[in-house]
Amino acid sequence: MNLYRRTLLKILGLTAAGSSLPGCEREVHNLVPYLLPDDNIVPGVANWYTSTCQECEAGCGTIVRVMEGRAKKIEGNPKHPVNEGKLCARGQAALQGLYNPDRLQGPLRREGKRGQGQFRPITWEEGLAEWVEQLRTHAGKSAMITRPVSGTLASLLTTLMDSLSGRLVMYESTGEQTLRTANHLSFGTHDLPYYDLANADYLLSFGAPFLEHWLSPVSFGVAYGKFRQGRPLVRGRFIQVEPRLSLTASNADQWIPLRPGTEGLLAIGIGQVLLRDGLTELSSFHRTSFHQTFSAFSLEDISTKTEVSEEMITQLAHELTSANAPLILGGGPAAAQTNGTTTLILINALNVMIGAIGRRGGLQWMEPQISPVDLARPGLASELTLMDLAGEFEQGSRTLLHLYRADPLFTLPPSLKFERVFDHAQFIVSFSSFLDDSTSMADLILPDHDPLESWGDVVQQDTIPVPAWSVSQPVVRALYDTRPIGDVWLDAAHRLGEPLRERVPWNTLHDMLKSRWQTVLTKHDSPQSFETRWRETLQEGGLWPSNIPMRQTNTVIPSITYKPPEFLGNSSEYPLYCYPYPSLGLHDGRGANRPWLQELPDPLTTGMWGSWIELNPTTAKALGIHPGDRVRVTSGYGSIEASVMVFPGLHPDMIAIPMGQGHRAYGRYAKGRGVNPMVLLGPSFDGQSGSLATGGTRVRVERIKGGSRLPMLEESGKNPVIGRIQETGGL
Amino acid sequence: MSQDPQATEEYSKTAASPYKWEMVVDLDRCSGCEACVVACHAENNIRISGEEEAAEGRAINWIRIERYWEGDYPNVKAKFLPVMCQHCDDAPCEPVCPVYASYHTPEGLNAQVYNRCIGVRYCGNNCPYVARQFNWFDPHWDEPLAEQLNPDVSVRSGGVMEKCTFCVQRIRSGKEAAHKEGRRVRDGEITPACVQSCPTSALIFGDRNDPDSRVSHLKKSRRGFHLMESLGTHPAVTYLRRLSE
Amino acid sequence: MTDRPTVWEEMPKINRDLLSPLQTTTWTYYLWVGVLSCFVAAGAGAWTYQIQTGIGQTDLHHPIFWGSYIASFVFWIGVSHSGTFISGVLRLTNAEWRRPVTRMAELMTVVALLVTTLFVFYHLGRVWRFYYLIPYPNQRELWPNFRSPLMWDATAIFTYATASTIYIYLPLIPDFALARDRIQGWRKTVYGWLAIGWHGSQAQWRTLEMAIRIITPLIVMVMISVHSIVGFDFSMALVPAWHSTIFAPYFVVGAVHSGLGMVVIGLYTLRRVYRLHEYVRTEHFEKLGKLLLVTTLLLAYMYFAEQLTVWYGQVPDHMAVQNSLLYGAYAVPFWFMVSCIYIIPLVTLVWPRFRQWPVGLMMIGLIINLGMYIERMLIIVPPLARPRLSFQWDEYFPSLIEFAILVGTLALALLLYSLAVKFVPVISIWEEKLGKKHAQEH
Amino acid sequence: MALLAGSMAMGVGALYSIGSADLPVQDQQPVRFSHRQHAGTLNIHCQFCHRYATQSPVAGVPSMALCQTCHESLSETTPDMKMLRIYWKEKRPIPWVRLQRLPDHVYFTHEMHLFAGLSCTSCHGNVSGMSSTPRAPTYEMGWCLTCHEQRGASHDCWTCHK
């Protein structure tokens, strides 16, 4: 802390921050001048620097307001094609990552036993030396688990892990592996299409939470605004089908609940009607296979199994055909079952039937572009891939573990026994900025800069109409004695000597970044010098070529056999389905150390600062449970205790729990708060994509003693005496 | 702020100010994503209340998304209503303040002067929109979270009422920029933090005195209504009804 | 006329009886004062803690911005009306039986007013900036807002405090003179000052009586306006169930109701402690009982009328409040309050025999005041707890700090009263004598 | 009676003057800088050192490097010049004592006041005649208002309060 204070005084001109806090009136105020003037800083005047949001993988462009060396606010970059100047709650809260009181301030070495959480500060030299030593010892046996990174850092890490014969695993718990697999099986490409919501006039969504966290929520938000009110005379109609009324579903004109896991069956029903009533024109290739697929069940059967009436199925099919530009999405709970990939392929087939492929207001792919930095990054890993990695650690073929902004011990269900990796790893190095659940198991921590302090770039070619190659630059000087992960890896590579040194000759990630961008910016043969172009790029926030032609896609949907979802736990002992969903603010838990996000009320339950169990009112009544009661949820794999919120928009046979809480570490705001629903989940996978079926475990709920006051924004909701109010006046 | 004589004439001598700031909330666009809430917290130095105070119902939000349930499963609907200070032309909070901490600016803003407020909280009672929030304790930020605080906005001490200002600091700097260039503020030049962040563009802000501003156009929409119109508070926030069949 | 000499013989006894509290003090008194002081200290500590840490030590939270402090403010203002009502109104109506009661009631007025102002300060979020409320010339060129009912309130209470101080002081002058002549030590000097040269000349008596005759109707008018204005604090607001025209008279009657109850308690206690059975007789209790019956009926009528109008109107905003009272979250305190201030007094006080039972009346006084305290809370809290946006509906119950301050303040009131008893005769000696004389003349 | 009147007058006076400005404590600067020498004798323009005044809310204190542009070529004739040299050599900024500070709830911008044609001396006094800069006239609200009134500038609270 002392160090930090002194640094600040040197760097910053006016100690004005003190005066903005109350209770300091009696202090003597000093004016501390700069030693050397910084031409970019005018005291009292804000500078805006472009950057790229790295809170999720959408890659929104941002601009950061900086005054006197401090970042004040993050807003969307108006010129950026992904988010058009808008930014979600989580992106804006990135500031509290930068200024988080629990950030690691320098390299740490474990003391005491692993997992005890005791560390002592060391110097970078010590840390690097030890790490390089370990890299030598465990040559060819290292692995790295990281949150998805892209751009230069991705290619650096890929190159290095490649040279070290290491294994690089990019894991994201909401990486939509199911969707990627389904799209690959349907359209033969790994790229995700651009879902042209803005120009659609009818949207049928099978659970896709596109206004919350799905793929690129801000760009979907922008498109949703246009879809509803952006065109004169046309207002898009939106139907959402899913067992729980999500935030996205609550925006729909109609929410159709159905039995969990039967989304694919409903898609078959709709397709069947489309085919039966001749409402679709298909190529001969598809006609036979589709007929086979879509006539496997009778409509009556489908209606019983999905709990959606036959009339509704017919109506949906007819609405789809009478719309000019209908679009169908699938995701969220539909993808979170053991049959997730099949379901999504069936939904893709529906999109083919309504002619949405390659159409305006449908699914579009752009021609692949050569990005400034090569895209040689591995695909995202599924949970099964992680299991495979764990196996390698168990066998001893991997012994050195690197962690970067990934917290598998928190995001994976304990039933997967991923702690095997930590038990068997002989040495664990983490580059994370926080002591999260996994990093606190590390032996050596070499903390990275915050994204706002470091150079980087993000390549986004999925789910947008034009590629966005965004740059992020350090908008504030590093607060602490941390080092950018890229620089640290380059340093290590140089210490390891040839041949690594030759493959990555740069000293810093910044050098590497610039040299890579040089090839692109000069390739676009403009008369200006690279430096000018580079400065322009930084001012713009990146590069996004326009007029990218659309790619013709071949649909390769095979003949599909629908299989019903499988659930762990028998229905007599565990009568309820369980659906843990990513929280709007905390996502899978990475936002849990940001007080703004902790205090952000969940939009539907209005809960804050904690966890809760959502129960349908009828179910709650049958179980004799009142709002605010404490319950224990038990599955065959674990149990959690939390208070109940009665949630009217939930399938009666289902409970829902927000993810993101229940950290064992991760700083003062997150630690020990709420419960982690992952504890309940068993090893249930969607075989095709290898994704964990988060909706695939059954549970039971029982009331236990006690009750607690869960913070809620809705005052009346806290109090069962007042109950629920129905009036909405003129909304 | 001081002006050249001509501008002064224009600003203070005429009863009507050149600007009248208003907002439109399109409920058909609002998705309830709460980007505005965090934007507001970041911009306006809103305190972090913490779990305990939040449980006591004391979490401060200048803009909140109210959620109203309608119907029962399976025909249940959740409707969102963003509520912030409505900057009423006939604001009930203004006449009741014994010390003039709450007053109306010539530009139609309902102002709260924090350093004048002594915390009798009458204004809070009298606001039918429950837009006013009170600082029950002194604010606190764990170091170094306070580095983020916006120097353009006062940090409110305990015992003081606060509420949405339509981001007056942004209005002020927008007007200064326009004034230095000797022109009026252009439509869309000034955006409060919530409006700026709103992904679906459900919030629109502008000058009602400019007949061509987006706010002026949207206000005339047939979907438009005011919250609790019958109370006669004449809010500066117009809501556009959510459409449904 | 035959008893004439006896009346004059009684005079020294009256002097002795009524001055005795000023002259002798028992150990129980010291104990009582000591205990009260402890409570006051606890309350003061709680207040200090609240100022240091923040007004959040209360259970207040939006949308319930006002709570027990304002309720207590209204309650104590009501109590302070007892003095002016008993002595002012009864003086105006020439009710002879008032004589032993007036001084006790007037003392109550002053003590209650002091306590009332304290509640304003407890309530302020930034009490150290209280002077913003005072209209004084300042370099900021800022004035308070006279459109605010709170400013009306402040003005009214200031007027009432000034007027009632004068009102209690005037009839005290002859008694101070009496004390000056009979008590030695430092107090003699103080009484000398306070008696401002009273020596009982015919001219002085005439002036005094004239002054009292002038101020009495004035103080009654001030009293009515003061509590009307306290009612305006609420009825001027836009809050559902506050915005009602009946509030002003309703508040006045309510105040008198609790004030009378308080007088009965005081009368009973002082009579017991200082053995004033000769002066405070069953007759007094019976008369006060009748008055209480009147206020009970009046108040009940007004309350019923108000609730009836709300019910008949069926405006949803107002109905939400009424429902919460009748059978919602506030039903228990509501029905308890209704029994305390309407039902129990009504069924007991209609019996003449009951009215002649001092202990019973004292208990009715206690019940009424308990009920009125709750009633004040129920006027303030439920309407705030049911704002028009139902998303914000909430509940409130005073916190421990609030209770500590409330109890401490009650102790302070009792302490001040107990101290006052040691300083001024609790029964106006000269008026008592005058009464005896009148009685004899008739 | 005179006592009473006197104490009342004092009370009202105290209330009248209650403001928010700093009290003149610890005005001793670490280096005794003289505005008379710099702005007076040498006639250096205010904005040569306080260079942000026209473009920022704050006028800014000159960086050490800016001091050094002149002082580098000057011989150290006074102990304070030596002090300055020591600070510079040690690469330490001089912790100037802040003499003029507005509370957090006040919005004030040098930029707009200079744009309106005010001169620095209007508010800061004739510092070019002062060897040691005193604490400024208390920037009380009434003082601001007087000028705003005279010049017809806005009286709206939110012009200056944030």
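Reckoned from all heavy atoms, side chains included, excluding hydrogens, waters and symmetry mates. Naming: A, B, ... by sequence-line order, numbering from 1 per chain.
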Q: Count the heavy atoms belonging to other residues, nucleotides or ligands that lie under 6.0 Å from CZ of Arg85(D), then report whether that count exceeds 12.
A: yes
Q) Based on non-hydrogen pairs under 4.5 Å, which of Leu109(B), Thr105(B), Ile171(B) is most in contact with chain D? A) Thr105(B)
Q: For atom CD of Glu52(B), decide whether the heavy atoms of other residues, nucleotides or ligands shown that lie under 6.0 angstrom number more than 12.
A: no
Q.
Tell me if a side-chain donor or acceptor on Arg172(B) pairs with a main-chain N or O of Trp158(D) at a distance below 3.5 Å.
A. yes
Q) Under 3.5 Å, is there a donor-acceptor pair between the side chain of Lys180(B) and the main chain of Met112(D)? A) no
Q) Any idea which heavy atoms bring Thr109(D) and Glu176(B) closest together, and the distance? A) CG2-OE2, 3.6 Å
Q: Select one option (side chain, backbone, both, neither) describing which atoms of Tyr103(B) are under 4.5 Å from chain D's heavy atoms.
A: side chain
Q: Working to the nearest 0.5 Å, report the span between CD of Glu107(B) and OG of Ser154(D).
A: 8.0 Å
Q) Just by modelled atom types, is the Pro106(B) backbone N or O under 3.5 Å from a matching donor or acceptor in the Asp156(D) side chain? A) no
(Q) Can you list the residues of residues 111-119 of chain B that sit under 4.5 Å from chain D, counting heavy atoms only? (A) Ala111(B), Gln112(B), Val113(B), Tyr114(B), Asn115(B)
